[in-house]
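Only one structure is covered here, and it is reproduced in the block below.
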Amino acid sequence: MTAPWKPTRREILAVGTAALLTGCTPDSPVPPVPTPAMTAAGRVPLPPDLLLGLSTSAYQIEGSVSADGRGPSIWDTFCNRKGVIVDASSGATACDHYQRWSEDLDLMASLGIQSYRFSVAWTRVLPEGRGAVNQRGLDFYKRLVEGLLDRNISPLVTLYHWDLPQALQDLGGWQVRDSASWFADYASVVFEELVGVRRWLTINEPRVVVHNGHLNGQHAPGIADERAAGRVLHHLSLAHGRAVQAFRSSSASGVIGPCHVLSPCYPADDSPSAVSAAALEDAELNTLYLDPVLKGEYPELTEKLPPRVQRSIESAQRNGDLRIISEPVDLVGINYYTPVVINGRGERQKYFPLTPIDWPMYPGGLTECLLRIHREYGAPLIAVTENGVGGRADEALDDSFRTRFLRDHLLALKTAVDDGARLESYNAWSLMDNFEWAQGYSQRWGLVNVDFKTQHRKPKASARWYADVLGRRSVPLQG
Ligand code: GCO
């Protein structure tokens with residue numbers, strides 16, 4: 001944990017600009033973000049080899065849920081339950097990307113992006129989750145990859161973004177140990193077939209699969225069971241390790257790694273109780289997922305974790321698992337949205353400015369996460385695989401709050417690179433408005449607006465701003 005920040009007057013003056021950018025005030029409990037050096041034109045140059053891009057995931061954009069032999073996933077099932085999605089919607093049509101992929105690739109090319117992170121829907125490739133391969137589903141992704149390469153956009157492929165085949169859920173899903181083998185077998189098929197892909201991610205945000213999918217039941221498969229959550233946590237890590245092993249023995253080449261959402265946890269003050277509450281929160285949110293994969297050990301399990309979760313993690317473990325889980329990776333994918341400030345009673349404090357959908361915002365948290373993964377975990381290479389800001393359904397096309405958010409986070413990323421973190425790409429969330437899980441279509445996360453009645457796409461001001469950043473490889477401090 002970072003010690004609470006006690007700035008001197010000189011430091012406060014030195015970080016004046018950063019404080020403006022981040023909304024961080026001089027009595028902040030968090031470290032300031034230094035502003036990277038800028039050129040005379042008021043722009044901060046980006047590292048020359050950093051790929052800039054955008055992110056999506058299959059269920060959130062594709063639609064066409066029964067096309068070409070796709071099997072049902074847990075999200076198809078979950079969306080049919082009453083009351084679980086705020087606007088009673090689903091991803092059945094979403095952005096109709098399955099039909100409009102070519103137009104969407106042209107849109108990406110028109111923005112000038114260099115990297116596109118998308119996920120493969122397991123149920124398009126293996127409708128039953130295992131067994132017979134569905135060639136038509138695979139062909140969709142082959143066309144997509146070819147289309148990206150034709151446009152000089154580098155694909156970054158996520159193997160699992162939450163859409164487990166329903167047939168596997170019926171067998172126990174991630175709660176059963178076999179899930180690790182199912183996932184490795186599915187990954188092997190994709191490694192062999194998607195030739196041309198050189199950048200891979202295994203499982204998106206295991207923390208959210210555990211918390212939302214199995215602890216509070218807000219996401220598919222909608223389970224709220226502490227014992228289930230512990231087992232799922234261990235099996236997701238094991239599945240990640242098995243997929244990395246499968247990658248090494250496949251004919252695919254390139255880099256592979258996990259994809260974790262990180263939330264830096266800050267004590268609200270320097271009392272020992274706040275410092276220890278922040279450390280416990282850090283274990284629950286971050287190190288419980290990072291340490292097994294990147295250090296080959298579980299962090300000391302904390303009193304914060306419900307005892308049944310702890311016990312079920314322990315009982316799911318077998319000798320040798322941690323060696324598989326910590327199979328060396330080539331890169332670490334980081335999703336960063338929001339920090340946590342916590343007081344001595346373990347209560348989250350409102351500290352930072354809020355986004356339009358009330359998520360705390362602190363760009364310096366991105367610098368901190370990147371440097372932590374670089375220094376503490378020795379990541380050979382890091383990709384920012386998601387970073388972005390949600391708006392309300394009626395947000396304006398002139399989304400200046402999003403432009404500011406992206407600007408401040410790109411500056412925060414530059415600071416981490418200047419301090420030694422090795423970054424391969426930055427992929428903002430998201431290419432276009434899409435199905436936001438339990439929030440349905442009530443939130444907007446895209447740089448491109450989607451009219452869900454007509455499927456018309458329209459770049460927002462933030463997309464034009466990002467295209468300018470891409471074109472000039474630098475971030476303007478103003479505007
Ligand atoms: C994630 C989610 C994304 C969300 C985004 C905004 O990986 O966190 O996968 O799918 O849409 O985070 O909440």
Side-chain angles (χ1 to χ4, degrees), residues 53-63 73-75 78-79 85-87 89-91 94-95 97 116-122 156-164 200-216 218-220 236 240 257-263 285-286 289-290 332-340 354-361 365-366 369 383-393 395 399 401-402 405-406 409 425-450 452 462:
L54 292 165
S55 265
T56 62
S57 87
Y59 189 70
Q60 294 182 273
I61 64 165
E62 286 179 358
S73 82
I74 54 175
W75 272 93
F78 187 66
C79 291
I85 311 292
V86 294
D87 53 5
S89 65
S90 76
C95 308
H97 171 74
Y116 175 52
R117 175 186 177 223
F118 65 93
S119 75
V120 172
W122 190 336
L156 172 56
V157 174
T158 311
L159 288 161
Y160 183 73
H161 202 122
W162 304 352
D163 43 0
L164 189 76
W200 300 91
L201 298 163
T202 53
I203 294 177
N204 180 67
E205 299 190 352
R207 183 224 286 177
V208 177
V209 178
V210 171
H211 277 247
N212 297 32
H214 297 85
L215 211 45
N216 64 31
Q218 289 169 1
H219 279 186
L236 287 167
H240 154 83
C259 181
H260 291 290
V261 58
L262 299 183
S263 308
L285 298 182
N286 303 314
Y289 301 89
L290 293 172
V332 178
I334 298 300
N335 296 351
Y336 174 71
Y337 291 94
T338 194
V340 171
L354 299 176
T355 67
I357 56 160
D358 293 341
W359 291 26
M361 210 170 17
L366 177 61
C369 289
V384 176
T385 36
E386 285 180 31
N387 175 236
V389 57
R392 299 193 177 280
E395 71 169 30
D399 56 344
F401 68 94
R402 184 167 288 112
F405 182 100
L406 295 173
H409 285 78
S425 62
Y426 171 85
N427 302 274
W429 185 271
S430 177
L431 165 65
M432 55 189 161
D433 295 336
N434 56 49
F435 175 72
E436 177 58 21
W437 309 113
Q439 300 305 319
Y441 299 93
S442 69
Q443 296 180 357
R444 301 293 152 118
W445 287 84
L447 276 67
V448 172
N449 168 274
V450 176
F452 290 103
S462 58

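Each ligand, and each atom within it, is numbered from 1 in the order the structure gives. If you're wondering where the values come from, they're calculated on a predicted model, not measured in any experiment.
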For [X], give me all partners under ring pair (Phe, Tyr, Trp, His ring centres under 6.0 Å), at least two apart in sequence or on another chain.
X	answer
His409	Tyr336, Phe405
Phe435	Tyr59, Tyr441
Tyr426	none

Answer yes if the ring centres of Tyr337 and Trp445 are under 6.0 angstrom apart, and no otherwise.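 Between Tyr337 and Trp445, the centre distance is under 6.0 Å.
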Under a plain distance cut-off of 3.5 Å, with no hydrogens placed, do Asn335 and Arg207 share a side-chain donor-acceptor pair?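 Side chains of Arg207 and Asn335: no pair found under 3.5 Å.
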So, Ser462 and Asp399: side-chain donor and acceptor under 3.5 Å apart, yes or no?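 Present: a donor and an acceptor within the cut-off.
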Within the protein, residues bringing a heavy atom under 4.0 Å of ligand 1, chain by chain: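 Lining ligand 1 at under 4.0 Å, by heavy atoms, one finds Gln60, His161, Trp162, Asn204, Glu205, Asn335, Tyr337, Trp359, Glu386, Trp429, Glu436, Trp437, Trp445.
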